[in-house]
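Here is the structure we will look at, set down as structure tokens.
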Amino acid sequence: MSRRQLERGTPLRGMATDHGSRPLPSDLGAESVPDHGCGVLHVDMDAFFASVEQLERPEARGQPVLVGGTGPRGVVASANYAARAYGIHSAMPMSQARRLCPRALVYPADHERYSQVSAAVRVILESVTPVVEPVSLDEAFLDVSGARARLGGPVWIAEHLRSRIRAEQGLTCSVGIAPNKFVAKLAATHAKPDGVYLVPEAQVQAFLHPLPVGALWGVGPKVEQRLVRLGLHTIADVAAVSPASLRREVGPALGDHLAALARGRDERAVQPASSAEERGLSAECTFARDVADAAVIDRELLRLSERLARRLRTEGQGHAARTVTLKVRRADFTTITRSRTLPEPTDLAREIHATARILYEAAEVSRARLRLVGIRVEGLVVSTQAHRQLTLDATAPDWRGVEQVMDEASRRFGDFALRPASLAQPTGDPAPSGQRSHPGARGHDVPERW
DNA sequence: TCTGGGGTCCTAAACCTC
DNA sequence: TCTGGAGGTTTAGGACCC
């Protein structure tokens, strides 16, 4: 059983803790709860996307709700507990989910709205401690070891946060409390939905050992298979073998990592958001139907390049990327990637697209039917530090200027208010699934057709 | 049966330089 | 001049996470 399965609601076997898995009364005094050596909280919003939709759509209250791709190849991004009762879980194809529960209400994901709610929740979390590490829109780690003297025990802090999130945002969340991040994350799973679970330091091993190997961080279906083949079914089994054997079986890094986790050791500190640096950005698109037309694929590569370049220029302090990676997935689901490192970093769609095009031609997939194309840029440097080659050609077009004008137009009039001519024409090609339309967007030309 | 999108990290081979 | 090892970088792919 994997951790994902645990999260889908399969009950955990194992021990009872001092506090059990149900919420404690929120009026517990700060002094009444010992901390048991636990300074790490994992806060996990319950069925986050679906709950936000329910909050804002009166017709969805009390109904099974699914959020995700509504196209023929969409998958479930979030399902509320009423939908989960039908066996629906995240990452399930939406078509299958609809078959399991035809009366479920299905909404496309509105990431902008979820980001707003997530930011509001984060403000609440940061009112307790500055050491908050967001993991995704719906979960975060908190290090409350510094706040305990001021606010009280970690269970009291968890209940305080839960009641504020419920009162101010109308949403429920679950909180795991433990001495480290790995155990806190598992404890939060155990607390779901709408609960708190604390694993005292002295009981970490007893909590972990009965769990299946799939509950270990870094063990997905492939590694799980290998461990089970070796007769390792539970975390206790993994803890009983030597780190050297694990290293031999799954590689040095993962072997050491699993050996430590299985013994309840996780040295990773809770990193406040500002210290997390971005490594790269990617954008990809699955076509509604497989595509073999090189022109359609090229237009999609341009669209993805535009998106990435704009993000590079406009997010944070502005970045440029040195390496461009093309990803294509054939109709049979085999995936290949090809990458190229540029002589100097770029934040221009024109250059990213040109590189992606070279990689596409070199990959020799021009006659293959593709279901997905994607581009990733990495090796990011802050734009002001990016070395740019000077040109002696005074007549060379100022592409950076052109793209900055497009950024400004997008900011004022909506996404893709200005775009390359080749993206402005009606094409009739299959619409990429999950793509939002931009009703206000009109095609305008730029100095030279791309 | 059908398998999204945006990320991170690890491994291994190939290649280059010393 | 050739060979080999060490070590860094690039490239490709796999696995995992949310």
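All of these numbers come straight from a predicted model, not from anything done at the bench.
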- Item | Length of the NE2-P vector between A:H257 and C:dC17, whole Å | 9 Å

- Taking atom types as modelled, is there a side-chain donor on A:Y114 or A:E53 under 3.5 Å from an acceptor on the other? yes

- Item | For atom CH2 of A:W217 and atom P of C:dC16, their distance in whole Å | 15 Å

- Item | Residue pair A:L142 / A:V270, side-chain heavy-atom distance below 4.5 Å | no

- So which one's nearest nucleotide on DNA chain B is more toward 5', A:Q96 or A:V76? A:Q96

- Query: If you take all heavy atoms of A:Q116 and A:R113, which pair is closest and at what distance?
  - Reply: OE1-NH1, 2.8 Å

- Would you say B:dG4 has OP1 or OP2 under 4.0 Å from some side-chain N or O of A:R329? yes

- Message: Taking only side-chain N and O atoms of A:R371, does any of them lie within less than 4.0 angstrom of OP1 or OP2 on B:dC2?
- Response: no

- Query: Looking at B:dG6, C:dC18, B:dG4, which one has an atom nearest to any side-chain atom of A:A283?
  - Reply: B:dG6

- Task: Establish, with yes or no, whether the OP1 or OP2 oxygen of C:dC18 is under 4.0 angstrom from a side-chain nitrogen or oxygen of A:K185.
- Result: yes

- Message: Can you tell me whether the base of C:dT1 sits syn or anti, using the 90° cut around 0 to define syn?
- Response: anti

- Item | Whole angstrom value for the distance that separates P of B:dG5 from CG of A:L308 | 13 Å

- Query: For A:A269, does its backbone N or O pair with a side-chain atom of A:K181 as donor and acceptor, under 3.5 Å?
  - Reply: yes

- Take atom CZ of A:F49 and atom P of B:dG4, then tell me their distance rounded to the nearest Å. 17 Å

- Task: Output the residues of residues 332-339 of chain A in contact with DNA chain C, where contact means a heavy atom of the residue under 4.0 Å from an atom of the strand; sort by number or write none.
- Result: A:I336, A:T337, A:R338, A:S339

- Query: Out of B:dG6, C:dC16, C:dT11, which has the shortest distance to the side chain of A:R311?
  - Reply: B:dG6

For residues 241-249 of chain A, dump all side-chain donor-acceptor pairs below 3.5 Å to protein atoms at least two apart in sequence or in another chain.
residue: A:S242; atom: OG; partner: A:S245; partner atom: N; Å: 3.1
residue: A:S242; atom: OG; partner: A:S245; partner atom: OG; Å: 2.7
residue: A:R247; atom: NH1; partner: A:D256; partner atom: OD1; Å: 2.6

- Query: Which residue pairs pass the salt bridge (Lys or Arg N to Asp or Glu O under 4.0 Å) test with at least one member in residues 329-340 of chain A, sequence neighbours excluded?
  - Reply: none

- Identify whether any heavy atom of A:L137 sits under 4.0 Å from a base atom; if not, whether one sits that close to sugar-phosphate; answer base, sugar-phosphate or nothing. nothing

- Query: Over how many whole Å does the gap from A:R99 atom CZ to B:dC2 atom P extend?
  - Reply: 7 Å

- Provide, to the nearest angstrom, the distance between the NZ atom belonging to A:K327 and the C1' atom belonging to B:dT8. 13 Å

- Message: For A:E112, I'd like to know if atom CD has over 12 heavy atoms of other residues, nucleotides or ligands within 6.0 Å.
- Response: no

- Which listed nucleotide (B:dG4, B:dG6, C:dA15) is nearest to the side chain of A:R307? B:dG6

- Query: Is C:dC2 syn or is it anti, if syn means the base angle is within 90 degrees of 0?
  - Reply: anti

- Task: Please report, rounded to the nearest Å, how far the P atom of C:dC18 is from the CD atom of A:E139.
- Result: 6 Å

- Message: Counting primed atoms plus P, OP1 and OP2 as sugar-phosphate and everything else as base, spell out the protein contacts along nucleotides 9-18 of chain B at 4.0 Å heavy-atom distance: B, S or - for each nucleotide, 5' to 3'.
- Response: SSS-------

- Please state whether the phosphate of C:dT10, meaning OP1 or OP2, lies under 4.0 angstrom from any side-chain nitrogen or oxygen of A:T341. no

- Message: Counting only side-chain heavy atoms from C-beta out, which of B:dC2, B:dG7, C:dC16 sits nearest to A:V223?
- Response: C:dC16

- Message: Less than 3.5 Å apart, any donor N or O on the side chain of A:R263 or A:Q205 sitting next to an acceptor on the other?
- Response: no

- Item | Non-neighbouring partners of A:S145 that pass side chain to side chain donor-acceptor pair (under 3.5 Å), sequence neighbours left out | A:D143

- Quick one: does A:D46's side chain have a donor or acceptor within less than 3.5 Å of a partner on A:D194's backbone? yes

- Apply ring pair (Phe, Tyr, Trp, His ring centres under 6.0 Å) to A:F48 and list each qualifying residue two or more places apart in sequence or on a separate chain. none

- Take atom C1' in B:dT1 and the same atom in C:dC18, then report the distance between them in whole Å. 24 Å

- Query: B:dT3 P sits how many Å from A:R330 CZ, rounded?
  - Reply: 18 Å

- Message: Heavy-atom nearest nucleotide on DNA chain B for A:A331 versus A:R376: which residue maps closer to 5'?
- Response: A:A331

